[in-house]
Amino acid sequence: YRDKDQERSSTKNRGNDSLRQKKKGKKTKNLETKKAEEENGDTAEKEAQPVVIAPVKKELSNFYEIQSPKIKCQFCGLGKNSGDSELGILYGTDGHQAHWYCLIFSSNLIQGGEDHEGIYGFLPADINAELARGSELNCSYCFKSMATVGCCQPLCPSTYHLPCGIE
């Protein structure tokens, strides 16, 4: 049994030696390939480096926070000091004034742009379309027009202004 065990171990060692030589050959090929790539300027390391994208400049954004309590939201009709925590900040841009949450909860209004366009992505054309739709909808609570927030119950046709829906 000892002779067979010795034979097996020596055969394994011979196999391991040939594997080691193959691996060394690969290492030298890799080193040679890397040197050639470096000389040609084609290194994989250059490709693997992360691309840094510059942040979007805030100057491109033309919306602003409205400070005056006299200016009203076009969706709910309330001003700056009217429940800011529930309605969000009152923003103005390109002839539009709207609370942040009035924009967010308007049923057919989408953020079609990037954060630096319109009011955080709500584009003037989309706001106009939603205002036109809202002018045809009456609030189920106060019965005034511009009710762009739909009821959360499926198949319910009721629409509200955001503050009326909160009530």
Side-chain angles (χ1 to χ4, degrees), residues 26-27 29-31 33-167:
K26 283 184 183 177
K27 282 183 184 176
K29 281 183 187 176
N30 286 341
L31 288 174
T33 309
K34 281 184 183 179
K35 285 179 185 176
E37 286 175 347
E38 284 174 4
E39 287 172 7
N40 295 333
D42 302 334
T43 60
E45 289 175 16
K46 286 183 183 176
E47 292 174 17
Q49 292 178 356
V51 177
V52 178
I53 299 172
V56 175
K57 294 180 181 179
K58 285 292 182 183
E59 302 90 64
L60 297 175
S61 178
N62 60 350
F63 69 92
Y64 52 92
E65 184 177 339
I66 295 174
Q67 299 297 326
S68 172
K70 293 179 182 179
I71 299 175
K72 307 292 182 204
C73 174
Q74 291 175 290
F75 288 92
C76 72
L78 299 176
K80 179 184 174 11
N81 295 329
S82 305
D84 283 345
S85 63
E86 290 179 341
L87 303 176
I89 296 171
L90 182 61
Y91 289 111
T93 184
D94 298 331
H96 296 105
Q97 302 82 38
H99 289 108
W100 175 242
Y101 292 125
C102 289
L103 293 171
I104 294 282
F105 285 101
S106 288
S107 298
N108 285 3
L109 188 57
I110 60 164
Q111 282 178 294
E114 298 294 322
D115 281 352
H116 65 277
E117 299 173 312
I119 299 175
Y120 284 119
F122 290 106
L123 301 175
D126 296 333
I127 294 172
N128 284 337
E130 186 66 355
L131 289 170
R133 186 183 79 86
S135 67
E136 299 174 7
L137 301 171
N138 290 330
C139 180
S140 299
Y141 184 78
C142 73
F143 307 106
K144 294 179 184 177
S145 67
M146 297 308 297
T148 58
V149 179
C151 180
C152 64
Q153 296 298 318
L155 304 176
C156 180
S158 298
T159 56
Y160 302 92
H161 300 102
L162 182 60
C164 294
I166 291 171
E167 284 289 321

Approximate separation, where rounding is to 0.5 Å, of [X] [atom1] and [Y] [atom2]:
| X | Y | atom1 | atom2 | value |
| --- | --- | --- | --- | --- |
| L162 | T148 | CG | OG1 | 8.0 Å |
| L109 | R133 | CG | CZ | 9.0 Å |
| L87 | L103 | CG | CG | 11.0 Å |
| D126 | L123 | CG | CG | 5.0 Å |

Side chains of [X] and [Y]: does their closest heavy-atom pair fall under 4.5 Å?
| X | Y | value |
| --- | --- | --- |
| M146 | C76 | no |
| C102 | H161 | no |
| E136 | S145 | no |
| E130 | S106 | yes |
| L90 | E65 | no |
| H96 | N128 | yes |

Give me the atom names and distance for the closest heavy-atom approach of [X] to [Y].
| X | Y | value |
| --- | --- | --- |
| E86 | Y101 | O-CD1, 3.4 Å |
| K72 | G77 | CD-O, 3.5 Å |
| Y160 | G165 | CB-N, 3.9 Å |
| I66 | Q97 | CD1-CG, 3.6 Å |

Is there a donor-acceptor pair closer than 3.5 Å between any side-chain N or O of S107 and the backbone N or O of G150?
yes
Using the rule given for side-chain contact (heavy atoms from CB on, under 4.5 Å), can you reason through T159 versus C139, listing the C-alpha separation, both sets of side-chain angles and the distance that settles it, and then say yes or no?
CA-CA 5 Å; T159 56; C139 180; 5.9 Å; no
Results of side-chain hydrogen bond (donor to acceptor under 3.5 Å, both in side chains) for N138 - residues two or more places apart only:
none
From CA spacing to verdict: side-chain contact (heavy atoms from CB on, under 4.5 Å), L78, H99
CA-CA 9 Å; L78 299 176; H99 289 108; 4.2 Å; yes
For a ring pair (Phe, Tyr, Trp, His ring centres under 6.0 Å) with Y91, tell me which candidate from Y64, Y120, F122 qualifies.
Y120
